[in-house]
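Inspection log for the structure reproduced underneath, given as structure tokens.
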There are 2 protein chains.
Amino acid sequence: MLLSTKGDYGVRALIDLAKHAGEGPVQRSDIARRRQLPESYLDHLLAQLRRDGFVRSTRGPGGGHELTRPAEEITLLSVLECLEGSLAPMVCVADANRGGESLCGQSWVWAEIYDDMRARLAAVTIAELVEHERQHERAIAANYSI
Amino acid sequence: MLLSTKGDYGVRALIDLAKHAGEGPVQRSDIARRRQLPESYLDHLLAQLRRDGFVRSTRGPGGGHELTRPAEEITLLSVLECLEGSLAPMVCVADANRGGESLCGQSWVWAEIYDDMRARLAAVTIAELVEHERQHERAIAANYSI
DNA sequence: TACAATGCTGAGTAGTTTAGTCGTGAATCG
DNA sequence: CGATTCACGACTAAACTACTCAGCATTGTA
């Protein structure tokens, strides 16, 4: 039932891009270094995010990656579904298979859980994750200063 | 994010045992046939369920498997955690790792989802799944009789 | 006591997925 | 042109999934 590292790393990368929004293109290597991610793997994740329109990239010196939209408009759900595919816990529970067909055994329970989960993930934006991280940093800093 | 077949099959097997509770031991081969599960695989799942005290078994002719407790007392959560291990969507979100340590990035969202999910699964019993299946069977039968 | 029916256990395995690396090529800036 | 950056596809080691199978242990019946 674990989320793969794709979703985890990809969201971390977008948080990084959101934090540096408006400062021009951010390079892969900087994201990888700051977030402690393997750069050549991050490569593939950024490619997927670009294909799905979350980021745009420019090549050449001074090139890099940027968000295409404000972080407030990017939901956690959309990013995870981009990188992980469907988050459905059982195949018969995925959106496509919900056309009146019987949800057998325990699957009706999982269908409810899945719907709640998606609603929850759709209600959180990258901007909120950035804000959460900033608060966390302030808490750490306050601890040190005591 | 998919549940494995272990949890799925195991719950199906327990539903079968619950339906035949009070009729003496139920044989592996009967469960496998009725629920369309590979018998030699079901073998391992029943072994795990026995180790964790969900079923007891008797060998020899006339032997088989039985629930150790009423189906009303067996929650879906306990069965799934027996067969799947932790259902946590991220390692840092698992129960063991929740001692005040920082839930970084998106993990605080998943921690909330995880808690809700476990509460939901803990509120459903095998008895309810049996009842749900019976209702479904009645609906099918009614359709045929029209 | 023999034997047949049943469960128990661990080894093995083919296929898939995960989490990457690496090399080459393409675009761009100076 | 040459340095810098992204783009893309091939490749891979390790782990996991979903099994099968052989052989042993236990028990009821004749």
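Side chains are part of it too, since the values below use all heavy atoms of this structure and drop only hydrogens, waters and symmetry mates. Order of the sequence lines fixes the chain letters, A, B, ..., with proteins taken first and strands second; residue numbering starts at 1 for each chain.
Between B:D30 atom CG and C:dA5 atom P there is a gap of 14 Å when expressed in whole angstrom units. For the pair A:Q27 CD and C:dT28 C1', the interatomic distance rounds to 13 Å; values are reported in whole Å. The CD-P distance, from A:E39 to D:dC8, rounds to 16 Å in whole Å. In this structure, B:Q48 atom CD and C:dG7 atom C1' are separated by 16 Å, rounded to whole Å. Taking atom CG on A:L17 and atom C1' on D:dC6, their separation rounds to 14 Å, with Å as the unit. To the nearest angstrom, C1' of C:dC8 lies 8 Å from CZ of B:R28. Distance, A:L45 CG to D:dA7 C1': 14 Å, rounded to whole Å. Distance CG (A:L42) to P (D:dT5): 15 Å, rounded to an integer number of Å.
Checking A:S86 against A:E81 by side-chain atom types alone, no donor-acceptor pair falls below 3.5 Å. Between the side chains of B:Q135 and B:R138, no donor N or O sits under 3.5 Å from an acceptor N or O.
Sequence order on DNA chain C of the closest nucleotides to B:R59 and A:T58 puts B:R59 first from the 5' end. Residue B:P61 is the one, among B:H65 and B:P61, whose nearest nucleotide of DNA chain C lies closer to the 5' end (criterion: closest heavy atom).
Taking 4.0 Å as the cut-off between side-chain N and carboxylate O, B:D16 and B:R12 do not count as a salt-bridged pair. Between B:E112 and B:R118, no side-chain nitrogen of the basic residue sits less than 4.0 Å from a carboxylate oxygen of the acidic one, so the salt-bridge criterion is not met. A salt bridge links A:R35 to A:E133: one of the charged nitrogens lies within less than 4.0 Å of a carboxylate oxygen.
Taking 4.0 angstrom as the limit, B:S57 places a side-chain polar atom (N or O) nearer than this to OP1 or OP2 of C:dC8. In this structure, B:R50 reaches the C:dT9 phosphate: one of its side-chain N or O atoms is under 4.0 Å from OP1 or OP2.
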_Derivation of the salt bridge (Lys or Arg N to Asp or Glu O under 4.0 Å) call for B:R33 and B:D30_ = CA-CA 5 Å; B:R33 184 176 32 76; B:D30 288 337; 2.6 Å; yes
*Which letter, B, S or -, goes with each nucleotide of nucleotides 13-20 of chain C from 5' to 3', with contact meaning a protein heavy atom under 4.0 Å?*
------BB
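With B:I31 as the fixed residue, the side-chain contact (heavy atoms from CB on, under 4.5 Å) test singles out one of B:L14, B:L42, B:L45: B:L42.
With hydrogens and angles ignored, a donor-acceptor pair under 3.5 angstrom links the side chain of A:D43 to the base of D:dC8.
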